[in-house]
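Computed from heavy atoms alone, side chains included, the values below leave out hydrogens, waters and symmetry copies.
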Amino acid sequence: MTGPAVAAVRRAVRGFLDTVEVPAELCVAVSGGADSLALAEATVYVGHHRGHRVRALVVDHGLQDGSAKIARDAAAAAMSLGVDEAEVRRVDVTGSGGPEAAARKARYGALTGHDLVLLGHTLDDQAETVLLGLGRGSGPRSLAGMRPHDPPWGRPLLAVPRATTRAACAELGVEPWEDPHNAETRFTRVRLRTEVLPLLEDVLNGGVAAALARTAAQLREDNEALDTMADMIFTRAGGSEGLDVGVLTAEPATIRRRVIRRWLLQSGVRELTDAHLRAVDGLVARWRGQGGVWLPGNLEARRAHGRLCVISQPTTRGE
């Protein structure tokens, strides 16, 4: 007999799959933790009833002793829950941004190449993401948190608390792996999880994680509406010679900056910050004949003849 937690996870997966185009093979990222194991079981249950194969993808980051065995055990646990295939992929974690960012980049890189990969992010993960964005002043896109469907990634459990996935594993008789990194307070997310969120729950009398997740959902809806409007303006203002300043000037700042952001990204600007974006917007909203705005990648945004354009500047000697 299915317990209430298992039923809740299955219901979340079923509801998610009802809203997306589902490929013949469903892939699930499995770490061996409670979230991913509960997700794997629910995906098998729902997917097999709908005629889909289910493959578990396990990433071995190689960051701790015995990582290969941990990955094999996670694959074995997924097989015991009924997946049709479990594959371990070893990655090298390198790069800038700290160990968390480097591991995340390596993990996502290892999981690419599939039409749909389900990830076990829960309501609690969403709340942590929103708090991180709030603390860093990252703007509405960051505060909107993770999207349930951001192809090829699917996150069916964003409305499911972490406690429910743990309870689901208990109902299934599965012992999840506890990542020791989840207890290391040198990681920002661990401190949010173990210190900040519990304090907020205490001070605000509970329900904080769910409230943050609701806030993220509301902001995503607003962002999608504003992005749709910005796309229409981009079509009117865009062209081979850049953006028409006259079209941009007539729009509210929030729409205008979204148009400029899309244009800059399409023009090859990387690592675009809010400061960059507002500086380029100043060429429209605060035009006094000023010079261009330098951007990452030896690029420069300029205003000339009523249009914004991006030009490439030669790399200076020594750079």
Side-chain angles (χ1 to χ4, degrees), residues 3-6 8-9 11-13 15-16 29-40 42 61 63-64 97-105 107-108 118-150 153-171 174-223:
V6 170
V9 179
R11 189 162 52 248
V13 171
F16 173 80
V30 175
S31 66
D35 302 337
S36 65
L37 291 179
L39 174 62
H61 298 84
L63 293 177
Q64 52 193 293
E100 287 179 286
R104 183 166 54 251
K105 181 179 179 180
R107 180 168 59 254
Y108 277 84
L118 302 186
L119 307 174
H121 295 125
T122 64
L123 179 146
D124 299 82
D125 295 307
Q126 184 74 299
E128 293 162 13
T129 298
V130 174
L131 278 179
L132 278 172
L134 181 63
R136 292 168 177 169
S138 303
R141 290 185 186 278
S142 184
L143 294 182
M146 296 175 283
R147 297 174 61 187
H149 188 215
D150 187 16
W153 317 117
R155 300 180 176 91
L157 307 185
L158 287 181
V160 177
R162 189 174 292 134
T164 300
T165 63
R166 292 185 178 277
C169 286
E171 291 172 5
V174 175
E175 184 69 30
W177 173 63
E178 297 291 344
D179 187 348
H181 285 167
N182 289 336
E184 294 190 20
T185 54
R186 62 191 176 98
F187 296 122
T188 303
R189 273 190 179 270
V190 173
R191 296 198 67 186
L192 283 175
R193 184 176 306 146
T194 60
E195 301 175 31
V196 178
L197 274 169
L199 178 61
L200 286 174
E201 294 281 354
D202 179 51
V203 171
L204 299 177
N205 297 316
V208 171
L212 288 169
R214 286 195 305 272
T215 298
Q218 293 162 4
L219 280 170
R220 278 198 306 278
E221 292 174 354
D222 290 348
N223 280 334

Using a 4.5 Å cut-off on heavy atoms from C-beta on, say whether the side chain of L143 contacts that of T215.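 A side-chain contact is absent here, since even the closest heavy-atom pair is not under 4.5 Å.
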Quick one, D124 and L197 - any side-chain contact, counting heavy atoms below 4.5 Å?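 The answer is no; the side chains never approach within 4.5 Å.
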Sequence neighbours left out, what pairs pass salt bridge (charged side-chain N to carboxylate O under 4.0 Å, His left out) with at least one residue falling in residues 213-223?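 Passing the test, one end in residues 213-223: no pairs.
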Going by side-chain contact (heavy atoms from CB on, under 4.5 Å), name the residues that satisfy it together with [X], two or more places apart in sequence or in a different chain.
X	value
V6	T2, R10, E41, A168, E171, L172
P198	none
L132	R136, T188, R189, L192

Kindly give the heavy-atom pair with the smallest separation between [X] and [Y], and that separation in Å.
X	Y	result
V9	A42	CG1-CB, 3.6 Å
V190	N182	CG1-O, 3.4 Å
P140	N223	O-ND2, 3.3 Å
A34	P176	N-CB, 3.4 Å

Table please: side-chain donor-acceptor pairs of residues 155-167 below 3.5 Å, with sequence neighbours left out.
unit_1, atom_1, unit_2, atom_2, d
R155, NE, H121, ND1, 3.1
R155, NH1, R147, O, 3.0
R155, NH2, Y108, OH, 3.4
R162, NH2, D125, OD1, 2.9
R162, NH2, E128, OE2, 3.2
T165, OG1, D35, OD1, 2.5
T165, OG1, R162, O, 2.8
R166, NH1, E178, OE2, 2.9

Under the side chain to side chain donor-acceptor pair (under 3.5 Å) rule, collect the residues that match up with [X], sequence neighbours excluded.
X	result
E201	none
S31	S36
S142	none

From OG1 (T194) to CZ (F187), nearest 0.5 Å: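 Atom-to-atom, T194:OG1 and F187:CZ are 12.5 Å apart.
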Not counting sequence neighbours, which residues clear salt bridge (Lys or Arg N to Asp or Glu O under 4.0 Å) with E175? List them please.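 By the salt bridge (Lys or Arg N to Asp or Glu O under 4.0 Å) rule, E175 matches no residue at all.
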Can you list the residues that meet the salt bridge (Lys or Arg N to Asp or Glu O under 4.0 Å) rule with E195, with sequence neighbours excluded?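 Partners of E195 by the salt bridge (Lys or Arg N to Asp or Glu O under 4.0 Å) criterion, ordered by chain and then number, come out as R191.
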